[in-house]
Amino acid sequence: MSSDAPPPLSDNRVILGCGSVTVDFLAAVASYPEPGDKIRTISAKVQGGGNAGNALTCAARLGLKPRLISNVADDSQGQRILEELEADGVDSSFVMVSKGSRSPFTYVIVDNQTKTRTCIFTSGYPPMIPTDLTESKLLEALDGARLVYFDGRLHETALVVAREAACKGIPILVDAERKREGLDDLLSLSSYVICAAKFPQAWTGASSVPSALCSMLLKLPKIKFVIVTLGEDGCIMLQRGLCENLQSEEVDVDDLLYTLKNKISNNTTVPICVLSSEVKLCAKGIGTVWGRLLLGTAEKIPPSELVDTTGAGDSFIGAVLYALCANMPPEKMLRFAAQVAAIGCRALGARTGLPHGTDPRLSSFLL
């Protein structure tokens, strides 16, 4: 095996995703316009988007065989969405196509000055409902799936899929971007949770992110780990421990995070990961959890190379899906996912820059 080849996967590389797909209309501008301004784009692109669509596209390029449950209309935008998914190796045969309706789309304004993006979303019509997915189609979609991933959209349909997956013992990963209708039910069935920066504290009411992660493990006894992504500040992961030592002393989870941060040099530019041993973690006013804390850094992308952060969280999730199927240890998974996300930020749009598994920029993270 060559040194730049991705780690071996089992014969079962099938994963199933359920969630949103859109068409993204991207416009990069020198700076965000003031009210009443008329400005020109620096560059523009039209491509498929949506959290689930992006994450599964990333997973497919890395080497998995994703299937997608979603819905589009029988319009030109819906056709474009399906064609792009299939071209990247995502099985779209479980995407429902509604006649005489409208596919979802998003206007994305990318500010070249602040390196931020603004998304203006228009939902599709009609929304997907559970009866759109027949029982036979559901069972076919789940057949042989190693993991099932949900982006939190299409909550009624997602819950039907999640319950069936749980009955079959298929692990579930949930993207908790923000509070949504039906999300709590999905979280209660999940094996893994990946959160946006503000979600853990918003959902738990905890005073700090580490304490919020402890609270999530206490409230959701089925989850094996929870990750919160922090953009350029990297990510924090709390992994549930396996064998609790009842004689172990408690360690304050906020103090432990501070200790881990002090182990990272300010000169570090590539993604790294530092981690604790398994300990009894204490979150004040919340409780204790047996587990270990991991702190992952993001790549420090030179300003001249940073183009667009659209979909960075989706690509991180796509890489985690791959890492789970490749049985990567968590410390390696966080470095790998951070690198995949950083590569994607070097091009306009969520999918343009997504790497393939043989990309030489990933080789050092796959050894």
Side-chain angles (χ1 to χ4, degrees), residues 6 17 19-30 32 40-64 66 68 70 72 76-90 92 103-121 151 175 177 229 231-232 271 298-322 336-363 365:
S20 65
V21 287
T22 71
V23 170
D24 286 353
F25 296 90
L26 296 125
V29 297
Y32 196 83
R40 292 181 180 272
T41 60
I42 297 173
S43 58
K45 183 178 288 289
V46 180
Q47 68 176 192
N51 293 44
N54 295 338
L56 295 185
T57 295
C58 178
R61 291 192 188 181
L62 292 173
L64 298 186
L68 173 64
S70 189
V72 296
S76 60
Q77 292 182 176
Q79 182 178 356
R80 181 185 190 117
I81 290 170
L82 298 179
E83 289 176 351
E84 285 193 24
L85 291 171
E86 289 289 344
D88 269 310
V90 179
S92 66
S103 295
F105 60 93
T106 305
Y107 295 115
V108 184
I109 302 173
V110 180
D111 185 337
N112 192 53
Q113 183 177 55
T114 62
K115 305 297 184 179
T116 58
R117 86 284 187 271
T118 301
C119 300
I120 307 169
F121 175 68
D151 71 1
D175 173 11
E177 188 177 40
T229 56
E232 63 182 11
E299 180 185 355
K300 292 182 180 177
I301 305 174
S304 60
E305 296 181 23
L306 179 59
V307 176
D308 181 16
T309 60
T310 301
D314 302 332
S315 56
F316 185 96
I317 289 173
V320 169
L321 292 169
Y322 176 89
F336 173 70
Q339 182 65 11
V340 170
I343 292 172
C345 291
R346 287 172 159 88
L348 181 63
R351 302 182 189 176
T352 308
L354 289 178
H356 290 80
T358 54
D359 192 307
R361 292 172 293 181
L362 295 178
S363 58
F365 296 87

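- A donor-acceptor pair under 3.5 Å is absent between the side-chain atoms of Arg361 and the main chain of Pro355, judged by distance alone.
- The CG atom of Leu306 lies 5.0 Å from the CD1 atom of Ile301; values are rounded to the nearest 0.5 Å.
- For the 3.5 Å distance criterion, the side chains of Asp151 and Asn51 fail to qualify, holding no donor opposite an acceptor.
- Distance check, rounded to the nearest 0.5 Å: OG of Ser20 to CD1 of Ile81 gives 9.5 Å.
- With a 6.0 Å radius and a threshold of 12 heavy atoms from other residues, nucleotides or ligands, Lys300 has its NZ atom above the threshold.
- Residues Arg346 and Glu299 are paired through a salt bridge, judged by an N-O separation under 4.0 Å between the basic side chain and the carboxylate.
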Next on the checklist: Between Thr352 and Val307, is the side-chain contact (heavy atoms from CB on, under 4.5 Å) condition met? List the steps.
Outcome noted: CA-CA 11 Å; Thr352 308; Val307 176; over 6 Å; no

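- Asn112 CG to Thr41 OG1: the interatomic distance, rounded to the nearest 0.5 Å, is 12.0 Å.
- Interatomic distance, CG of Asp24 versus CZ of Arg351, reported as 7.5 Å (0.5 Å rounding).
- To the nearest 0.5 Å, atom OG1 of residue Thr116 and atom CG of residue Asp308 are 9.5 Å apart.
- Side-chain atoms of Leu354 and Asp88, non-hydrogen and from C-beta on, never get closer than 4.5 Å to each other.
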Checklist entry - Does the pair Gln339 and Leu362 meet the rule for a side-chain contact (heavy atoms from CB on, under 4.5 Å), with working shown? => result CA-CA 7 Å; Gln339 182 65 11; Leu362 295 178; 3.8 Å; yes

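- A distance of 5.0 Å separates OG1 in Thr310 from CZ in Arg117, rounded to the nearest 0.5 Å.
- Using the six-membered ring where Trp is involved, Phe25 and Tyr107 have ring planes that are tilted, between 30° and 60° apart.
- No donor-acceptor pair closer than 3.5 Å links the side chain of Glu84 to the backbone N or O of Gln47.
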